[in-house]
Enquirer: 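Shown below is the structure under consideration.
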Amino acid sequence: MTYELWVLVWAAILGLVMIVLPLVFASTRKGFLVWSLSSRDTPFDKGVIGERLDRAFANFKQTFVFFAVTVILLALAHKSDTTTMWGVRLYLAARIIYIPLYAFNLIVLRTLCWAVSIAGIIMCLGALFH
């Protein structure tokens with residue numbers, strides 16, 4: 001398995017962690033257990049940080065699709081080099097750092113971090129055309 005595919009695996013694990021994070025913060029709120037066991041027909045107030053973590057996960061899902069497709073195409077095309085390795089590292093590192101930046105509302109740094117993750121994807125996409 002290529003280095004890039006291993007980073008894709010770690011990015012998928014990060015996505016699974018991000019599913020749980022808002023629930024961890026919400027679990028301390030009154031009524032959470034009943035709501036989580038219900039059909040969830042009504043929204044639950046997860047608190048400010050819990051809601052931000054939900055939005056951070058939504059943002060992750062938007063970029064993860066492009067990242068995953070790009071990494072899979074790199075593997076199928078047998079394209080792996082220093083640029084693609086740095087690209088996937090940038091993506092994963094930026095997505096990890098993005099979580100606390102979003103949770104604690106550090107908006108400028110969060111946006112820069114998002115841009116770095118996109119730059120990582122673009123680096124990998126560029127390798128497909130060389």
Enquirer: Supply the atom-to-atom distance L101 CG to I96 CD1, rounded to the nearest 0.5 angstrom.
Expert: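 These two atoms lie 12.0 Å from each other.
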Enquirer: Do we see a donor-acceptor contact under 3.5 Å between the side chains of Y91 and T63?
Expert: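 Per modelled atom types, Y91 and T63 side chains form a pair under 3.5 Å.
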Enquirer: Using 0.5 Å steps for rounding, measure from the SG atom of C124 to the CZ atom of F66.
Expert: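 So the gap between those two atoms works out to 14.5 Å.
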Enquirer: Which heavy atom in A11 sits nearest to a heavy atom in F64, and how many Å separate them?
Expert: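 That closest heavy-atom pairing would be CB-CE1, 3.7 Å.
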Enquirer: Quick one: which residue pairs count as a side-chain hydrogen bond (donor to acceptor under 3.5 Å, both in side chains) with a foot in residues 44-58, not counting sequence neighbours?
Expert: R29-D45, K46-D54, R55-Y102
Enquirer: Does L125 share a hydrophobic cluster with V7, counting links as ILVMFWY side-chain heavy atoms below 4.5 Å and allowing steps through other members?
Expert: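 In one cluster with L125: V7, yes.
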Enquirer: Sequence neighbours left out, what pairs pass side-chain hydrogen bond (donor to acceptor under 3.5 Å, both in side chains) with at least one residue falling in residues 68-80?
Expert: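 Qualifying pairs, neighbours excluded: E4-S80.
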Enquirer: Could you tell me if the side chain of L5 sits less than 4.5 Å from the side chain of V71, heavy atoms only?
Expert: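 A side-chain contact under 4.5 Å exists here.
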Enquirer: Scan for salt bridge (charged side-chain N to carboxylate O under 4.0 Å, His left out) pairs involving residues 81-99, sequence neighbours excluded, and state none if there are none.
Expert: none
Enquirer: For atom CG of L76, decide whether the heavy atoms of other residues, nucleotides or ligands shown that lie under 6.0 angstrom number more than 12.
Expert: yes
Enquirer: I97, F67: one ILVMFWY side-chain cluster at the under-4.5 Å cut-off?
Expert: no
Enquirer: For residues 15-22, dump all side-chain donor-acceptor pairs below 3.5 Å to protein atoms at least two apart in sequence or in another chain.
Expert:
none

Enquirer: What distance do L8 atom CG and T2 atom OG1 have between them, rounded to the nearest 0.5 Å?
Expert: 8.5 Å
Enquirer: Linking I/L/V/M/F/W/Y whenever any side-chain heavy atoms sit under 4.5 Å apart, do L53 and V48 land together?
Expert: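 As far as the 4.5 Å side-chain criterion goes, V48 and L53 are not connected within one cluster.
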Enquirer: Following the transitive rule for hydrophobic clusters with a side-chain heavy-atom cut-off under 4.5 Å over Ile, Leu, Val, Met, Phe, Trp and Tyr, establish whether I72 and L74 coincide in one cluster.
Expert: yes
Enquirer: My understanding is that a hydrophobic cluster links ILVMFWY residues whose side chain heavy atoms are under 4.5 Å apart, including indirect links. Using that, what else belongs to the cluster containing L90?
Expert: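 L90 shares its hydrophobic cluster with W86, V116, M123.
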Enquirer: May I ask whether Y3 and L73 are part of the same hydrophobic cluster, defined by side-chain heavy atoms of I, L, V, M, F, W, Y residues being less than 4.5 angstrom apart, directly or through others?
Expert: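 Yes, Y3 connects to L73 through the hydrophobic network.
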Enquirer: What is the distance from atom OH of Y98 to atom CG of L92, rounded to the nearest 0.5 Å?
Expert: 15.0 Å
Enquirer: Scan residues 104-130 for pairs that pass ring pair (Phe, Tyr, Trp, His ring centres under 6.0 Å), counting only residues two or more places apart or in two chains.
Expert: none
Enquirer: Kindly compute the distance separating CD1 (I99) from CG (N59), expressed to the nearest 0.5 Å.
Expert: 10.5 Å
